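What you see is a predicted model, and the numbers here were worked out from it, not measured in a lab. Read the numbers this way: they start at 1 and go in the same order the structure lists the ligands and their atoms.
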Amino acid sequence: MVGALTDVRYALEQDEIVPCFQPLIELNTGRLAGFEVLARWQHSEHGPILPENFISLAEQHELIGQLMRQLLRRAFLSAPILGKTLTLAVNVSATQWRDLRLPGQIRAKAERVGFPLEQLTIEITESALLDNLERAKAISAELKTMGCRLALDDFGTGYSSLRHLQELPLDELKIDRSFVGSMTDKRQSRKIVAAIVGLGQSLGLVTVAEGVETEEQAEMLLCLGCEMGQGWLFGRPVLADKLPGIVAQFPRTVAKTKSAPGDGWAVSSLEALPTQRLAQLQAIYDGAPVGLCFLDRNLRYVSLNKRLADMNGAPVAAHLGRKVEEMLPEWFPNYQPYLLRALNGESITDVEIFRQATRPGETDHTALASYEPAWDEADEVIGVSVAVMDITQRKEAQKALSDLQDSNALQQHAAEFNHQVPWIMDADGNSIQVSSLWVPASRLSGAKKRNLGWLEALHEDDLGPVMKTMREALRTGKPIDIQYRVQDIDGEWKWMRSRGSPRYGVSGEIVRWYGTVEDIDKPSREMEAAHRN
Ligand code: G
Ligand code: G
Ligand code: MN
């Protein structure tokens, strides 16, 4: 029977248990970082036998130490092909973590062939920590001092105690293949993988995904921030004679300069921890000249920046967890169609939204909004990112600019017709622009020429009829044609005639009046003068 104790003992004597090597790949570059050493029994009759059939036997009969030493010896023989960067990872059984001689045994094997311990990773399972955590801690501390790296194997299946992560000087977290295998179909597995990666990142550990079989999984892992992958996608475990081929097949990780303690991998681990990245994102978020928020599928505020909170007139905290509809009941109907479209996967940019003042003291606002669906790794919409820019001032500036253009046109106009002085008035009869050529200019201050101040320059007898005609015109849009007297610089009353017509806006309302005013005394005086000559 295969796997009987005598067989295992015999296998060790005959050196039939040999290392296989499975590549470990840097997910973002596709580079080869090293190999995990996996035991295989090359049985003379039965062919290759998997570890599940002999490891526990070896453990039970205290042959596991010997098994490891034999594997290490053979694995280290392959050292030359690994160069100065590729690593080897070996599995050490739970039972071996009781034995304080473990580090010495490993060191002896490595020194014998000159394998650098910096390129050796020791894999530990959580079960090893259960019966004697203190001893396991002492052993791992010694391994670390020797320069080895420490990886927690099959993470997520055992006890996954956060205490273990805290107590051991770990460098890596290996995510069990059961999660990786189902992560593309099961949201739950995906969340567990994401959580393990996040946990690893926040503790400064390299996360390694085991059992990566498809491109889709590799892609998703990369998106989640997982740095390393191992699995059939990259390569099955192979015997030593296949190593050169594999090393040649993958680009290697870049040679590292002398690594700092706890910074062992040949992987360019990101400098910023997720918490730091989050803080930085938050800073960008807060400093953005736009209001930003993220809404979940129920249109609740998951996060938002201060600017948006200010725009909405409530503190940031008051928004969190509440629905847009609750926060902005008056405006929500304007946003809802866009939000729903975004939840359906459409990205909508640059929608102009008018926020009419709803409370006293508020002013109307115009905003430019974008709605972007947020997808998770399985391409499901999980919420909407909203960006809102207040463009009220821009709109006002545009208006002022068009007024300025009006004004330039006005000056030009004035130069061309020196008897006819152009003016511009708003829909309420307020004078917006009147050329300085308007006769009573010097008698009325600039401010008075503006708005309704121009009426003060009129002869009191003319004021009534002018106002009546103006009111009528403003109401009906009927062209203005009025005559009135104004006093010039010398105090002389002169007759003026003012004519103008309305300009209509897009929705049919009067937006401006354009007209000219002329001195109707002047042509006659000039004519008189001409006659006298
Ligand atoms: O690749 P494979 O199916 O052979 O591995 C099955 C299990 O056996 C894995 O959990 C692996 O960690 C374990 N294993 C493989 N090689 C060794 C070894 O040399 N020592 C120990 N203790 N476990 C090993
Ligand atoms: O030591 P550990 O428990 O991590 O052992 C790795 C085990 O996973 C080994 O049995 C190895 O043969 C196996 N394995 C490696 N890659 C894959 C893979 O892509 N898919 C599956 N199903 N098993 C894998
Ligand atoms: Mn392993």
Colleague: Using the side-chain contact (heavy atoms from CB on, under 4.5 Å) rule, pick out the option among Leu292, Leu295, Val324 that qualifies with Val386.
Modeller: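 Of the listed options, the one satisfying the test is Leu295.
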Colleague: Just to verify, what does Arg40 make a side-chain contact (heavy atoms from CB on, under 4.5 Å) with, not counting sequence neighbours?
Modeller: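 In terms of side-chain contact (heavy atoms from CB on, under 4.5 Å), with neighbours along the sequence ignored, Arg40 is linked to Val18, Cys20, Leu38, Leu50, Pro51, Pro237.
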Colleague: How are the rings of Phe76 and Phe115 set relative to one another: parallel (under 30°), tilted (30 to 60°) or perpendicular (over 60°)?
Modeller: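 Phe76 vs Phe115 ring planes: parallel.
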Colleague: Tell me, please, which residues at least two apart from Glu16 pass side-chain contact (heavy atoms from CB on, under 4.5 Å).
Modeller: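 Partners of Glu16 under the side-chain contact (heavy atoms from CB on, under 4.5 Å) test: Tyr10, Ala11, Gln14, Trp41, Ser44.
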Colleague: Which value, rounded to the nearest 0.5 Å, describes the distance between Lys191 atom NZ and Lys186 atom NZ?
Modeller: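 Lys191 NZ to Lys186 NZ: 14.5 Å, rounded to 0.5 Å.
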Colleague: Classify the ring geometry between Tyr301 and His319 as parallel (under 30°), tilted (30 to 60°) or perpendicular (over 60°).
Modeller: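 Aromatic pair Tyr301/His319 classed perpendicular.
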Colleague: Mind checking how many protein N/O/S atoms fall short of 2.8 Å from the Mn ion (ligand 3)?
Modeller: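 Protein heteroatoms (N, O, S) closer than 2.8 Å to the Mn ion (ligand 3) number 4.
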Colleague: Tabulation required: pairs of a nitrogen or oxygen in ligand 1 and a protein nitrogen or oxygen under 3.5 Å; columns are atom names and distance to 0.1 Å; otherwise 'none'.
Modeller:
unit_1   : atom_1 : unit_2 : atom_2 : d
ligand 1 : 1 (O)  : Arg40  : NH2    : 3.3
ligand 1 : 4 (O)  : Arg40  : NH1    : 2.5
ligand 1 : 4 (O)  : Arg40  : NH2    : 3.3
ligand 1 : 12 (O) : Asn91  : OD1    : 3.1
ligand 1 : 16 (N) : Ala39  : N      : 2.9
ligand 1 : 20 (N) : Asn91  : O      : 3.4
ligand 1 : 22 (N) : Ser93  : N      : 3.4
ligand 1 : 22 (N) : Ser93  : OG     : 2.7

Colleague: Could you tell me, atom by atom, which parts of ligand 2 come under 4.0 Å of a heavy atom of Gly231?
Modeller: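 Near Gly231, the atoms of ligand 2 are 16 (N), 19 (O).
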Colleague: Could you tell me if the side chain of Glu36 sits less than 4.5 Å from the side chain of Asn91, heavy atoms only?
Modeller: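 Yes, their side chains come closer than 4.5 Å.
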Colleague: Quick check: are there more than 12 heavy atoms from other residues, nucleotides or ligands sitting under 6.0 Å from CD of Glu62?
Modeller: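 It does not: Glu62 CD has 12 such atoms or fewer within range.
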Colleague: For residues Ser127 and Thr125, is any side-chain donor paired with an opposing acceptor at under 3.5 Å?
Modeller: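 There is such a pair (donor and acceptor under 3.5 Å, judged by atom type) between the side chains of Ser127 and Thr125.
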Colleague: Salt bridge check: are Asp390 and Arg307 linked by an N-O gap of less than 4.0 Å?
Modeller: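 No salt bridge links Asp390 with Arg307.
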